[in-house]
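Bear in mind that the values here come from a model prediction, so they are computed numbers and not experimental data.
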Amino acid sequence: MSEAETQAPRGVRLIITLVGRRNAGKSSFINAITGQNVAIVSEHAGTTTDPVAKPYELLPLGPVTFYDTAGLDDVGELGALRVAATKKVLWRTDIAVVVAEAAGLGEAERDIIAAIRRLEIPFLVVFNKIDQGPPSEADLAWCREQGIPAVPVSAATGEGATAAKEAIIALAPAEALHEPVLAGDLFGEGDTVVCVVPIDLAAPKGRLILPQVQVLREILDGDAVAVTVKERELEAALAGLRQPPALVITDSQVILKVSGDVPEHVPLTTFSTLFARFKGDLPTLAAGAAAIDRLRDGDTVLMAEACSHHAQADDIGRVKIPRWISQYTGKDLTFEMYSGHDFPEDLERFALVVHCGSCMLTRMEMLRRIKECTRRGVPVTNYGVAISKVQGVLDRVLRPVLR
Ligand code: SF4
C-alpha cells in the first residue's frame, strides 16, 4: 500500500460496527485496538444497550466511528429492540467485526455472519479472550474454508490487537482510500471543454454555483481550455471553434435544448452526472433510474434530501421531478419527501428512492446511503440522473462518463 493509498480523503469517516454476544468483550476490544477507554466495560453481561458511537482516529486509515452494539443473544422485549437497533446500524456499516469469545462460533455468531454476508458488508471474526484459552481448531478451520479473516485476540492483555487493527484496515473499501475525480479524466491537456450555464431566475445573483466552479477549476488544473456559455450562445460558440470540443458539460435543466445543439459525435454530459459519479456510485444510480420504467399505479416514490431547506414554489424535489416522472410514466404515483441523515423506518414500502445531489454530504456518506437502499432492496437514483432519464437523454450523458 503506498502512502497515498493509506490516507483516507478528508471527510471520510468509516463506520466500523462490532457485533457479538453480550460480554464477548466488544467494548474492551475497541479499547484494546484504540488504546483508549472509549466504551463502558462492565463485568455484567449486556451493559451496552443502543449502539454506542465512538469517533476515533485509526491510523493510517484516518477518522473512523466504532459502533459498539448490544448483545446478539439479548432476550426479552428490550432485547428484541436492541437487536433491531443493531440491524439498523448494520445497514450503514462499512466494516463489521464479529467478536466471539474463545468459546467459539455458536448459532448466534453464525446467524449474524449470514446476515452480514447477505448485506455484503466486509467483515472479520475476532476470537477474543485468548488469555482464557485459544479458539477451537474447528472454528479456525471453518473461517479458513469460508474465506473469513479470523484473528485471535486478548483484549485484556493486548495480544493480537495490532493484527486485528491491520485486518480491519485491509477491509477498508477502496472508495475510502482514493480521492474520486470529478471531470479531469474526460479531457486532455490543450482540449477545449464547453460548459453550458443557464443564467435564469433560479441562478444566484452575481456568482456561479459550486459544482460549476469546481468543474471549471478542474478544467484549468488539467491545462485545458474552458469555454463557458449560456444555452442561447452555445450554437454560435460551437460554430466558432476550430475543432469540436472534447466534451460539453451542461446544466441538466437545459439538457434537451443542448443535446439538440451538440452534434451526436461530440461527448455530452451534465454537471449532475459528473457529481453523481463524484459523490456516489453512478452505475447503481443509473440502474436505479431504470426502475422508473417499472413503476406501477399506486407506487410510492421517496424523494430523499440530506438536509432541510426552504422549499421554493417550483421546488425541484417537491414539484418538478415528481411532475416529470408522473408525465413520463403516465402512472398514478405518490411522492413523499423525507429530509435528514437517515431514511424512513419503513423504507421497504417505497418503489424507488430519488436522492438529492448530496452537495452537503461526503462521498462516503452518499455511498453509504446508496448501499443502505441496495441492502434494503429499494432501487435508488438521484435528481440529476432521474432528470436525464425522463428527458430521454440518459444514455447519451452517461456515455462519456461510464466508459
Ligand atoms: S442537494 Fe445539497 S443542499 Fe440540497 S438537500 Fe441535498 S445535500 Fe442538502
Side-chain angles (χ1 to χ4, degrees), residues 13-74 79 82-83 85-86 89-90 93-113 116 121-144 148-172:
R13 183 174 276 285
L14 285 180
I15 293 184
I16 303 172
T17 300
L18 281 86
V19 290
R21 292 174 200 242
R22 286 174 294 171
N23 227 24
K26 300 188 294 294
S27 306
S28 25
F29 172 73
I30 299 180
N31 293 346
I33 63 164
T34 61
Q36 288 183 4
N37 195 24
V38 292
I40 310 151
V41 184
S42 156
E43 287 175 4
H44 305 291
T47 300
T48 312
T49 50
D50 275 338
V52 178
K54 286 289 170 190
Y56 183 74
E57 190 85 6
L58 190 68
L59 293 171
L61 210 54
V64 301
T65 298
F66 282 104
Y67 272 97
D68 182 12
T69 63
L72 287 172
D73 53 340
D74 213 342
R82 287 169 176 161
V83 174
T86 300
V89 171
L90 280 179
T93 292
D94 298 307
I95 300 169
V97 182
V98 179
V99 183
E101 286 191 72
L105 301 177
E107 209 182 318
E109 287 78 12
R110 294 196 190 217
D111 282 354
I112 193 71
I113 286 174
I116 289 169
I121 302 169
F123 72 102
L124 74 152
V125 172
V126 163
F127 290 99
N128 196 11
K129 305 191 183 178
I130 54 167
D131 48 300
Q132 295 172 22
S136 80
E137 263 315 311
D139 280 344
L140 290 173
W142 183 79
C143 288
R144 270 197 305 276
I148 301 170
V151 188
V153 169
S154 166
T157 67
E159 188 184 346
T162 306
K165 194 165 104 167
E166 282 167 2
I168 290 173
I169 291 166
L171 291 175

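The shortest non-hydrogen separation linking Gly104 to Asp139 is CA-OD2, 3.0 Å. The two atoms that bring Thr93 and Thr17 nearest to each other are OG1-OG1, 2.7 Å, heavy atoms only. Contact record, Val151 with Gly160: CG1-O, 3.9 Å, taken as the closest heavy-atom pair. In terms of heavy-atom proximity, Phe127 sits nearest to Pro135 at CG-CB, 3.6 Å. Taking each heavy atom of Ala161 and Ile33 in turn, the nearest pair found is O-CG2, 3.4 Å.
Put simply, the side chain of Lys26 gets close to the backbone of Arg21: a donor and an acceptor are under 3.5 Å apart. Between the side chain of Asn128 and the backbone N or O of Val99 there is no donor-acceptor pair closer than 3.5 Å. The main-chain N or O of Ile16 is never found under 3.5 Å from a side-chain atom of Asp94 such that the two would form a donor-acceptor pair.
When each of Ile95, Ile113, Val97 is checked for a side-chain contact (heavy atoms from CB on, under 4.5 Å) with Phe123, only Ile113 meets the rule.
Rounded to the nearest 0.5 Å, atoms CG (Leu124) and SG (Cys143) are 9.5 Å apart. Atom OG1 of Thr86 is separated from atom CG of Leu18 by 11.0 Å, given to the nearest 0.5 angstrom. Atoms CD and CD, on Glu109 and Glu101 in that order, are 8.5 Å from each other to the nearest 0.5 Å. To the nearest 0.5 angstrom, Phe66 atom CZ is 6.0 Å from Ile30 atom CD1. With rounding to the nearest 0.5 angstrom, the CD1 atom of Ile148 is 9.5 Å from the CD1 atom of Ile116. The structure places CD1 of Ile121 at 12.0 Å from CG of Leu171, a figure rounded to the nearest 0.5 Å.
Ala53 meets the side chain to side chain contact (heavy atoms under 4.5 Å, CB included) test with Thr65, Tyr67; sequence neighbours excluded.
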Let me see the working for Leu58 and Lys165 under side chain to side chain contact (heavy atoms under 4.5 Å, CB included), right down to the final yes or no.
-> CA-CA 8 Å; Leu58 190 68; Lys165 194 165 104 167; 3.5 Å; yes
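Applying the side chain to side chain donor-acceptor pair (under 3.5 Å) rule to pairs touching residues 151-163 yields Asp131-Ser154, Ser154-Thr157, sequence neighbours excluded.
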